[in-house]
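This report concerns only the one structure given below.
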Amino acid sequence: MAPRVRFAPSPTGYLHVGGARTALFNWLYARRHHGTFVLRIEDTDVERSSADMVTGILEGLRWLGLDWDEGPDTGGPYAPYSQSERLDRYRAAAARLVADGHAYYCYCTPERLQAERETAEQRGDAWRYDRACLALSADRIAELEAAGAPKAIRFKVPAARTQFADAVHGPIEFDGANIEDFVILRSDSHPTYHLSVVVDDMEMQISHVIRGDDHISNTPKHVLLFQACGAPVPQFAHVPLILGADKKRLSKRHGATSVTEYQRQGYLPGAMVNFLALLGWSPGDDRELMSTTELIERFSLEGISGGNAVFDTDKLDWMNGQYIARLPIDDLVQAVEPLLVEAGLWPPPSVEWLRRLVELLRPRAKRLTDFVDLAAPYLRDRIEYEAEAVEKHLGTPGLADHVAALMSSLRAVDPFDEPHVEADVRRIAADQGIKAGTLIHATRVAVTGRTTSPGLFEVLVLLGRERTIARLEQLLNFLATRV
RNA sequence: GCCGGUAUCGUCUAGGGGUCAGGACGGGUGGUUCUCAGCCAUCAAACCGGGGUUCGAAUCCCCGUACCGGUACCA
């Protein structure tokens, strides 16, 4: 049977890279096995959830190319896909559990529970709910009801051991004695996470639950709930967490954590997906650069590592550079264009010209945003000389004469292409009795203001004769004022 | 504290009773060259510790340690 998996983010924040990876693993699994990828919004925490966050999460997933078959916007056979619209189902399920004897009403006040925990803590003990309300007499219950006491519903955890098979960790077992009678329905009649996930996974026929490692200790509760509801228990796969460089859970302190932020910083979605896929998963061989199609073909739950993984920005940068290098040139130009516009580096002389510029700059860029700085000298009229460039390359005695010689020679070069321009520059250097490198470096400063650039002859040809000469002239003026 | 998980180069990982313990990022060195980047070559770099089992353990078992997660009327 085709698997049904789901990604169930809670819209209490943006799409975190950890969440994105969980979504990716689910998506890859669904696509690999021709199953269904369901997107469900877990917004039972009304206080902390917001519609904007939902929008942001959907946008992040779309940017990564993770499309869902059923979800809050697309609908599907098990709609609605937002938990806030499914509250009646949770209440019904909770009532059923009470009726079946799997759950019971609890009138304990949060204050009392809190106090118990604190005193236990002081003794150094763990405190689990003492089942006070399980033993309530009928009279007492009537009394509480008459007084209108608020009541929650707790699940009656059996004493037996609960076991489940985890696709990445193998068999995991918990002793019922270590699991307290957890609340499934709050006194305000909103479900807790445990109830809502299970009810939804059950109703939505989810076959595989692929989620973060941090849910392992919740899983026995969920297994118990599935069983109490008489539903089949899905296959679980708990994927390790993503850590920062200091091995702490990845957070704002470590830099960007939201996928939107990575998008803004100039990472390509393909690179992001490839990188995330390799964080905690391996195809089993040495392949690193894989297209989404390949990822789908090779993905398996067995390939997921058991241990947490550190998010290595250096490797992401490398990978992004690889994707930039392989992107079809027109796509790359299109991606860079808005950044240049935004930076006021617009318009270029022509589309072909811009394409050539991007081609020259491409191997030097790790992120799309790098193009802005890289391209700046070519898209501005005035060249500003960097101090280091002046110091290193403009101090040659008699440089003005050499530059003047080059300038007049360049006026006559025909055609103005790389081989001819190169031959010309080298000839002038020889005529002037200086090393070609000296003239090349000075010319580079003239046309870019910098010490580094793509190959000089390519740059000169890109700029064209007129602009090259204008910039050499600007250099001459600069040299004149400096003496 | 208790419960659960994890442990191979700095990082992501492959492998798995006998291997030169492989790859990638990052780092070093060299080559290409007008610079930078890229590309190519090359080097350094790891099986958490202790006990078993075994002819042989990094691999299997036990213990310990470290790290991570959970321990809510959050998700």
Side-chain angles (χ1 to χ4, degrees), chain A residues 8-12 42-45 47-49 83 106 108-110 113-114 117 120-121 123-128 150-154 166 168-169 172-175 177-180 182-188 190-194 196-197 212-220 238 240-241 243 245 247-249 275 278-289 303 305-319 321 325 361-366 370 374 389 392-393 422 425-426 429 435-441 443-445 448 450-457:
Chain A
S10 164
T12 52
E42 306 218 323
D43 53 356
T44 46
D45 186 344
E47 292 293 303
R48 300 194 298 149
S49 299
Q83 294 191 328
C106 172
C108 296
T109 64
L113 301 174
Q114 180 67 23
R117 278 202 184 84
E121 173 129 10
R123 287 197 311 269
D125 290 342
W127 189 79
R128 286 184 201 85
K151 57 177 190 272
I153 295 179
R154 283 182 187 272
D166 189 284
V168 349
H169 297 289
I172 297 177
E173 201 180 64
F174 283 83
D175 192 327
N178 291 316
I179 307 168
E180 75 171 348
F182 53 99
V183 170
I184 54 176
L185 198 74
R186 293 182 249 260
S187 50
D188 65 1
H190 274 74
T192 59
Y193 166 73
H194 305 302
S196 54
V197 243
D213 230 343
D214 48 343
H215 284 297
I216 286 185
S217 43
N218 290 328
T219 306
H238 287 99
L241 267 22
L243 273 24
K247 307 249 183 163
K248 299 284 182 214
R249 200 171 173 154
F275 175 74
L278 255 21
L279 253 196
W281 173 78
S282 161
D285 59 25
D286 292 337
R287 293 297 314 277
E288 298 258 10
L289 258 18
S305 314
N308 296 341
V310 173
F311 191 95
D312 182 2
T313 311
D314 282 340
K315 187 154 185 175
L316 207 213
D317 282 346
W318 166 77
M319 192 164 277
L361 265 19
R362 195 214 284 260
R364 293 158 178 82
K366 292 216 177 301
D370 290 344
L374 253 18
K392 273 173 87 170
H393 302 302
E422 171 160 9
V425 171
R426 291 192 188 279
K435 286 198 285 185
T438 308
L439 188 56
I440 287 170
H441 289 139
T443 306
R444 168 172 292 111
V445 178
T448 68
R450 303 182 178 180
T451 57
T452 67
S453 82
L456 183 73
F457 311 117

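What you see is a predicted model; the values in this text were computed from it and never measured. In what follows, every chain begins at residue 1, and chains take the letters A, B, ... in the order their sequences are listed.
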B:A75 phosphate, OP1 or OP2, under 4.0 Å from A:His194 side-chain N/O: no
Side chain of A:Ile216 only, please: which of B:A75, B:C73, B:G5 is the nearest? B:G5
Donor-acceptor pair present, A:Glu288 side chain and B:G23 base, under 3.5 Å: yes
In whole Å, what separates the P atom of B:U71 from that of B:A44? 47 Å
Using a cut-off of 4.0 Å on non-hydrogen atoms, how would the nucleic acid contact of A:Ser282 be classed: base, sugar-phosphate, or nothing? sugar-phosphate
Base, sugar-phosphate, or nothing for A:Glu121, non-hydrogen atoms under 4.0 angstrom? nothing
5' precedence on RNA chain B between A:Ser453 and A:Asn178 (nearest-nucleotide basis): A:Asn178
Take atom NZ of A:Lys248 and atom P of B:U6, then tell me their distance rounded to the nearest Å. 20 Å
Value rounded to 0.5 Å, distance of OG1 in A:Thr219 from NE2 in A:His238: 3.0 Å
Does B:A24 have a Watson-Crick or wobble partner in any strand here, with both distances under 3.5 angstrom, and which is it? B:U11
Ignoring backbone atoms, test whether A:Thr438 places a side-chain nitrogen or oxygen under 4.0 Å from the OP1 or OP2 oxygen of B:C34. no
Taking atom P in both B:A37 and B:C25, compute the distance separating them and give it to the nearest angstrom. 16 Å
Expressed in whole Å, how much space separates the C1' atoms belonging to B:A21 and B:G31? 30 Å
Testing B:U13, B:C2, B:C73 for proximity to the side chain of A:Arg128, the answer is B:C2
Please report the distance separating the C1' of B:U65 from the corresponding atom of B:G49, rounded so that it comes out in whole Å. 7 Å
Taking all heavy atoms of A:Trp127 and all of A:Glu180, pick out the closest pair and write down the distance. O-OE1, 4.3 Å
Whole-Å distance, A:Glu173 CD to B:G5 C1', equals 15 Å
Taking any heavy-atom pair under 4.0 Å as a contact, classify A:Thr44: base, sugar-phosphate, or nothing. sugar-phosphate
Using a heavy-atom cut-off of 4.0 Å across all strands, would you classify A:Asn218 as base, sugar-phosphate, or nothing? base
With P as the reference atom in both, quote the distance from B:U29 to B:C36 in angstrom, rounded to an integer. 13 Å
Taking any heavy-atom pair under 4.0 Å as a contact, classify A:His190: base, sugar-phosphate, or nothing. nothing
Using both distances under 3.5 Å as the test, list the Watson-Crick or G-U wobble partner of B:U71, or none. B:G1
Tell me which nucleotide among B:A75, B:C73, B:A37 gets nearest to the side chain of A:Pro363. B:A37
Rounded to the nearest 0.5 Å, what separation is found between the OG1 atom of A:Thr313 and the NZ atom of A:Lys315? 13.0 Å
Going by modelled atom types, is there a donor-acceptor pair between the base of B:C3 and the side chain of A:Ser217 at under 3.5 Å? no
Give A:Arg154 one of three labels, base, sugar-phosphate or nothing, depending on what nucleic acid heavy atoms sit under 4.0 Å from its own. sugar-phosphate
Looking at the side chain of A:Asp312, which of B:G10, B:A72, B:A24 is the nearest nucleotide? B:G10
Got a donor-acceptor contact below 3.5 angstrom from the A:Ser196 side chain to the A:Tyr193 backbone? yes
Counterpart base for B:A41, defined by Watson-Crick or G-U wobble contacts under 3.5 Å: B:U29
For A:Leu456 and for A:Pro191, locate the closest nucleotide of RNA chain B by heavy-atom distance; then report the residue assigned to the nucleotide nearer the 5' terminus. A:Leu456
With the side chain of A:Asp314 defined as its heavy atoms from C-beta on, choose the nearest nucleotide among B:U35, B:C25, B:A75. B:C25
Rounded off to whole Å, could you give me the CH2-to-P distance for the A:Trp281 and B:C12 pair? 17 Å
The nucleotide from B:G38, B:C34, B:A14 with an atom nearest the side chain of A:Ile440 is B:C34
Mate of B:A58 where both pairing distances stay under 3.5 Å, Watson-Crick or G-U: none
Report the distance from atom NZ of A:Lys151 to atom CG of A:Leu185, rounding to the nearest 0.5 Å. 10.0 Å
Look at the side chain of A:Ile172 and decide which nucleotide, out of B:G4, B:U11, B:C73, has an atom nearest to it. B:G4
A:Phe174 has an atom CZ; how far is it from atom P of B:G69, in whole Å? 15 Å
From NZ of A:Lys366 over to P of B:C39, roughly how many Å is that when rounded to an integer? 8 Å
From the list B:G4, B:C68, B:C12, which nucleotide is the closest neighbour of the side chain of A:Lys315? B:C12
Nearest-0.5 Å distance that lies between atom OG1 in A:Thr451 and atom NE2 in A:His393: 5.5 Å
Could you tell me the Watson-Crick or G-U partner of B:U6, where both distances fall under 3.5 Å? Say none if there is no partner. B:A66
In whole Å, I'd like the distance from the CZ atom of A:Arg362 to the C1' atom of B:A37. 14 Å
So CG of A:Asp285 and OG of A:Ser282: to nearest 0.5 Å the spacing works out to 7.0 Å
Any side-chain N or O of A:Arg450 under 4.0 Å from OP1/OP2 of B:C36? no
B:G70, OP1 or OP2 - any side-chain N/O from A:Arg249 closer than 4.0 Å? yes
Please give, in whole Å, the distance from B:G5 P to A:Asn308 CG? 14 Å
Closest approach of A:Asn178 to A:Arg128 (non-hydrogen atoms, all atoms of both residues): O-NE, 3.3 Å
May I ask you to evaluate whether A:Arg426 reaches the phosphate of B:C34, defined as a side-chain N or O under 4.0 Å from OP1 or OP2? yes
May I ask you to verify if any side-chain N or O of A:Lys247 is less than 4.0 angstrom from the OP1 or OP2 atom of B:G10? no
Closest heavy-atom contact between A:Val168 and A:Gly306? CG2-CA, 4.5 Å
Base, sugar-phosphate alone, or nothing: which one does A:Cys108 contact when heavy atoms must sit under 4.0 Å apart? base
Need one value for A:Asp285: base, sugar-phosphate or nothing, where a base atom within 4.0 Å counts as base even if backbone is also close, heavy atoms only. nothing
Sugar-phosphate only, base, or nothing, as touched by A:Lys435 at under 4.0 Å among non-hydrogen atoms: nothing
When rounded to whole Å, the CE to C1' distance for the pair A:Met319 and B:G26 reads 14 Å
Tell me what A:Pro9 touches on the nucleic acid: a base, only sugar-phosphate, or nothing, going by heavy atoms under 4.0 Å. nothing
Among the nucleotides B:A37, B:C25, B:C73, whichever has the atom closest to the side chain of A:Thr192 is B:C73
Once you apply a heavy-atom cut-off of 4.0 Å, does A:Ala309 come out as touching a base, just sugar-phosphate, or nothing? sugar-phosphate
For A:Leu374 and A:Arg364, which heavy atoms make the closest approach, and how far apart are they? CD2-O, 3.8 Å
The side chain of A:Arg117 lies closest to which of these nucleotides: B:C73, B:C3, B:U35? B:C73
Classify the nucleic acid contact of A:Gly455 as base, sugar-phosphate or nothing, counting any heavy atom under 4.0 Å across all strands shown. base
